[in-house]
Amino acid sequence: MTDTDRPGDDRETARRAAAAHTVAARDVESFLRTLPATPGPEHVAEYATLLSREERARADRQAAVDALGLTVASIEPE
C-alpha cells in the first residue's frame with residue numbers, strides 16, 4: 001500500500017472530490033449540448049438540478065483541498 005491510497009488520506013479525499021466535481025460539470029456540459037433552441041420549463045428544472053449538484057460538488061472539492069492546506073484567499077486580480 002502506498003502513501004497515496006491509505007484510508008483517510010486527505011489527498012485521496014481531495015482527488016475523489018475533484019473527480020466528482022468533474023463528473024458534475026461534464027453533466028452540465030452534456031445537458032447544454034442537447035438543449036433545444038427553445039428551452040421549456042422542464043429544461044429549466046433539469047438545469048437547476050444539475051447546477052445545484054455541480055455547486056455542491058464544487059463546495060465539497062473546496063473543503064477537501066482546504067483540509068490539505070491549499071486554501072487560496074482569492075484568484076481575482078487586484
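Numbers here are sequence positions counted from 1.
- Residue pairs meeting the salt bridge (charged side-chain N to carboxylate O under 4.0 Å, His left out) criterion with at least one partner in residues 33-45, sequence neighbours excluded, are Glu29-Arg33.
- In this structure the side chain of Thr49 never reaches within 4.5 angstrom of the side chain of Arg53, judged on heavy atoms.
- Taking Ile, Leu, Val, Met, Phe, Trp and Tyr as hydrophobic and joining them when side-chain heavy atoms fall under 4.5 Å apart, one finds Tyr47 in a cluster with Val28, Phe31, Leu32, Leu35, Leu50, Leu51.
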Scan the side chains in residues 54-66 for donor-acceptor partners under 3.5 Å anywhere in the protein, sequence neighbours excluded, and list what turns up.
| residue | atom | partner | partner atom | Å |
| --- | --- | --- | --- | --- |
| Glu54 | OE2 | His21 | NE2 | 2.6 |
| Arg56 | NH1 | Ser52 | OG | 2.8 |
| Arg61 | NH1 | His21 | ND1 | 3.1 |
| Gln62 | NE2 | Asp66 | OD1 | 2.9 |
| Asp66 | OD1 | Thr71 | OG1 | 3.1 |

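- Judged as a salt bridge (charged side-chain N to carboxylate O under 4.0 Å, His left out), and not counting sequence neighbours, the contacts of Arg16 are Glu12.
- The salt bridge (charged side-chain N to carboxylate O under 4.0 Å, His left out) test applied to Glu46 returns no partner, not counting sequence neighbours.
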